[in-house]
Amino acid sequence: QWMGVGAAAGRLRGALHRSEALRGYLLLSPALVVLGLAILAPLALLVAMSTWSMSGFDLVMEPGLGNYAALANDPIYATLLGRSLKIAAIATAVTVILSYPVAYYIAFHVHRHKMLWIILLTLPFWTSYLMRIFAWRVVLGYEGVLNSALLSMGLIEAPLQMFLYSQTAVTIALAHAWAAFAILPIYVSLEKIDKSYLEAAADLGDSPARRFWRITLPLSLPGVMAAFFLMFIPTVGDYVTAAMLGGAGRYDGRQPDPGAVRADQRLADGSGAGAGDDAADRRHQYMVSLLRAHSVGIYRPGRNATVRCRP
């Protein structure tokens, strides 16, 4: 028995000695196992959760195909999915295009304190994502910063309602929230470009524009693609931004509910609920309170499932 084990070990050593690829796979095998579990386990959980259902705030963990049936039969889901993909693609494309010059400037024209620039790029992440969304509500609100500035300059006679409750507002907020995820990968790719290629092209008579199109841009494309997917994937599933800046009723092409709009405007402008509250006001106040409680860990669906919203 021991002789058989020794012979098998000898054959394995011989195979490892002859095959460089096999030695590489053996070295990678622990990392591949960890990555496989880290990717496959969440995917399996996601598939399992797609067969569950919700009853109020309670999760009903009984497998069923009701969610898939609703997805196939109700056209609103296809509309929402297409709109989510469109907004995510537009926000990602705009952000990547605007981020490239920033990354290019830091990589090629900043020679001192580069780390300070990187830290400044990450400053928005030092605050809560929800607070950043509320900040955009203040900027784009009916009586917000943008409308106030246009009124003070005499460019408009009355506040405009086109800023806050639109796909443009959602796109702007997404671009701001995920800009660092686009700038940093592009910067890393540009930083790794061998400057001797650019010097050789300049010696051969290439103009700066020609050097950029023939050398810089092709060598930085891996960073551009990484930036695109790093931003596109999370923005497709972003819910809070669309809920807070898109407005109630915007998702199926209808105009938002007037009561919801008034409540949203008061919340965005910081004026509170005030007189004349209606059911839409209370629902929006409840939603904001719930988001705030959830962000600080007060509310947990499994622990506080008895919370209810007044009609």
Show the nearest heavy-atom pair for residues Leu146 and Leu140, with the distance to one decimal. CD2-CD2, 4.0 Å
Determine whether a donor-acceptor pair (N or O, by modelled atom type, separation under 3.5 Å) exists between the side chain of Ser220 and the backbone of Gly223. no
Enumerate the residue pairs fulfilling salt bridge (Lys or Arg N to Asp or Glu O under 4.0 Å) with a member in residues 159-177, sequence neighbours excluded, ordered by first and then second residue. none
When every non-hydrogen atom of Ala180 is compared with those of Leu121, the smallest separation belongs to CB-O, 3.8 Å
Could you check whether any side-chain N or O of Asn73 sits under 3.5 Å from a backbone N or O of Ala69, counting only pairs where one atom can act as donor and the other as acceptor? yes
Grab the two heavy atoms, one from Ile39 and one from Pro42, that are nearest each other, plus how far apart they are. O-CD, 3.4 Å
Do Val102 and Leu123 share a hydrophobic cluster (ILVMFWY, side-chain heavy atoms under 4.5 Å, transitive)? yes
State yes or no: do Leu190 and Ile183 share one hydrophobic cluster built from I, L, V, M, F, W and Y residues joined by side-chain heavy-atom distances below 4.5 Å, directly or via other members? no
Under 6.0 Å from the CE atom of Met153, do we count more than 12 heavy atoms belonging to anything else shown? yes
Evaluate the side chain to side chain contact (heavy atoms under 4.5 Å, CB included) criterion for residues Asn67 and Leu71: first the C-alpha distance (whole Å), next the side-chain angles of each, then the deciding distance (0.1 Å), finally the verdict. CA-CA 6 Å; Asn67 296 329; Leu71 179 64; over 6 Å; no
Quick check: do Val47 and Leu43 have side-chain heavy atoms less than 4.5 Å from each other? no
Applied to residues 186-199, the side-chain hydrogen bond (donor to acceptor under 3.5 Å, both in side chains) test, sequence neighbours excluded, yields Lys114-Glu191, Asp194-Ser196
Cluster check Leu120, Phe125: I/L/V/M/F/W/Y, side chain < 4.5 angstrom: no
Contacts of Ser148 meeting side chain to side chain donor-acceptor pair (under 3.5 Å) (sequence neighbours excluded), chain-then-number -> none
Could you tell me whether the side chain of Ser166 and the main chain of Ala169 form a donor-acceptor pair under 3.5 Å? yes
Determine the minimum heavy-atom distance between Leu151 and Ala158, stating which atoms define it. CD2-N, 3.8 Å
Trp126 side chain reached by Ile119 side chain, heavy atoms, under 4.5 Å: yes
CH2 (Trp213) with more than 12 external heavy atoms under 6.0 Å: no
Hey, does the side chain of Thr92 reach the backbone of Ala89 with a donor-acceptor pair shorter than 3.5 angstrom? no
Are Ile106 and Leu230 co-members of a hydrophobic cluster defined by side-chain heavy atoms under 4.5 Å apart? no
Are the side chain of Arg137 and the backbone N or O of Leu245 linked by a donor-acceptor pair below 3.5 Å? no
Supply the members, apart from Val33, of the Ile/Leu/Val/Met/Phe/Trp/Tyr cluster built from side-chain contacts under 4.5 Å; use none for a lone residue. Leu37
Name all residues meeting the side chain to side chain donor-acceptor pair (under 3.5 Å) criterion together with Asp238; count only those two or more places apart in sequence or in a different chain, and write none if there are none. Tyr129, Thr241
Taking the side chain as everything from C-beta on, heavy atoms only, tell me whether Ile215 gets closer than 4.5 Å to Leu219. yes
Not counting sequence neighbours, list each pair that qualifies as a ring-ring contact (aromatic ring centres under 6.0 Å, His included) and has a residue in residues 67-101. Tyr100-Phe212
Within a radius of less than 6.0 Å around CE of Met54, do more than 12 heavy atoms belonging to other residues, nucleotides or ligands occur? yes
For the atom pair CE (Met244) and CG (Leu130), what is the distance rounded to the nearest 0.5 Å? 6.5 Å
Could you go step by step and tell me if Asn147 and Phe163 meet the side chain to side chain contact (heavy atoms under 4.5 Å, CB included) rule? CA-CA 9 Å; Asn147 270 318; Phe163 297 127; 3.5 Å; yes
Which atom pair, heavy atoms only, marks the closest approach of Thr235 to Ala88? OG1-CB, 3.5 Å
Spatial distance of atom OG (Ser152) from atom CG (Leu150) [nearest 0.5 Å]: 7.5 Å
Please round to the nearest 0.5 Å and tell me the distance separating atom CH2 of Trp52 and atom CE of Met61. 5.5 Å
To the nearest 0.5 Å, tell me how far Leu59 CG sits from Ser53 OG. 7.5 Å
Give the minimum heavy-atom separation between Asp206 and Arg211, together with the two atoms involved. O-NH1, 2.9 Å
Close side-chain approach of Val236 to Phe232, heavy-atom, < 4.5 Å: yes
With clusters defined by side-chain heavy atoms of hydrophobic residues (ILVMFWY) lying less than 4.5 Å apart, directly or transitively, does Val96 cluster with Ile90? no
Verdict with supporting geometry, Tyr104 and Ile186, side chain to side chain contact (heavy atoms under 4.5 Å, CB included): CA-CA 8 Å; Tyr104 185 91; Ile186 299 175; over 6 Å; no
Test item: Arg132 and Pro124 side chains (from C-beta on) under 4.5 Å apart, heavy atoms: yes
Trp136 side chain near His176 side chain, heavy-atom distance below 4.5 Å: yes
To the nearest 0.5 Å, tell me how far His109 NE2 sits from His111 NE2. 7.5 Å
For the aromatic rings, using the six-membered ring if either is Trp, is the centroid distance between Phe229 and Phe181 under 6.0 Å? no
